[in-house]
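Let me begin by presenting the structure, written as structure tokens, before commenting on it.
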Amino acid sequence: MSPVQTPNIFAPVSTPAFAIRDLSFVVLAMTVAIFLIVGGFTLYTLVRFGRRPTNPQVEPAQVYGSAQIMLAWTVAPILIVVVLFLVTARYIYGIERRPQPAGALEITVVGNQWWWEIRYPNLGIVTANEIHVPVSDGDGSTPTFITLKSVDVAHSFWVPQLAGKMDVIPNKTNRVWIEPRRVGTYVGQCAEYCGLQHTLMLLVVVVHPRDEFQAWVATQQRTSAEQSAARPGRELFASLACISCHTVRGTPANGVFGPDLTHLMSRATLGAGAVRNTPENLRAWVKNPGAFKAGALMPAMNLDDAQLDRLLAYLVTLR
Ligand code: CUA
């Protein structure tokens, strides 16, 4: 994974994000114009009249109740607000009304406290926290349509360079689509306060060239090859409570409360950005996830060092 970039709405790479940047420039231009006019009059008044000696004998012009002036400062702001409303509505409509084309990739993202489940329903892939999609470049458009669900509380899906923010709400299905034009890694973050570890809900979107994406799909669809050296660890894993929360495809582990571990080692971080996914960190994570992510729903497994070593020897084969 390339170094984490700063999410920036002014550096869009995907169709909805381009529209959002354009809209923010329109709004910015209008508000800057208003600021300059108001600020300009204020400055002019200060400079022109500020130094005059006050003459208590002469009363300033009394304009209280002037219908013209009241109309002017009521109608002008209303017009400005109406224009902003119409322009914004047009952009929102343009983004939300795009029909899903036949060739679009479909993904379901499920918000959990505090990680993201990523499902590819048509490809049979389930992963976590890292979304992989194909690029839409000069060779054609392969947009990704994302269905958003939550199993617990309200979260918010936001990858600023790819699309606008969309709430992820229990018992409601929301949708968002992206059409990244440039290969790269784009980061996002849960954007709705959802509990203790709201800050550790990192989202990573990796945009691949098409052939590279197909290769990623093929790898994810395979189950990891069984290695004889990993057998003691695999048996230990199957004997522990791990399998009631985690799935490893092709094994008895079929829990759904925690992230799918079939290709655990293909992911860059543990705990949705809590720590880099290295064997050492993974070992410490299994020993006590709370050390990295207080409040994580995965319990400390209370394994001794020998058991941890065995388990690790198995987990690192899940590539
Ligand atoms: Cu999930 Cu904030």
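No experiment lies behind these values; they were computed from the predicted model shown. We count ligands from 1, going down the list as the structure has it; atoms in each ligand are counted the same way.
A donor-acceptor contact shorter than 3.5 Å links the side chain of W116 to the backbone of M201.
With respect to E179 and R98, a salt bridge is recorded, a charged nitrogen being found less than 4.0 Å from a carboxylate O.
Closest of all the heavy-atom pairs between V183 and V135 is N-CG2, 3.8 Å. The heavy-atom pair separating Q221 from L123 by the smallest distance is NE2-O, 2.7 Å.
Among the atoms of H198, none of the N, O or S atoms falls under 2.8 Å from atom 1 (Cu) of ligand 1. Residue Q113 does not count as close to atom 1 (Cu) of ligand 1, with no N, O or S atom under 2.8 Å.
Geometry at atom 1 (Cu) of ligand 1: SD/M201 and SG/C190 form an angle of 110°, nearest 10 degrees.
In terms of distance to atom 1 (Cu) of ligand 1, the nearest N, O or S atom of H155 is named ND1. Within E192, O is the N, O or S atom that lies nearest to atom 2 (Cu) of ligand 1.
Heavy atoms from other residues, nucleotides or ligands lying under 6.0 Å from CZ of F25 number more than 12.
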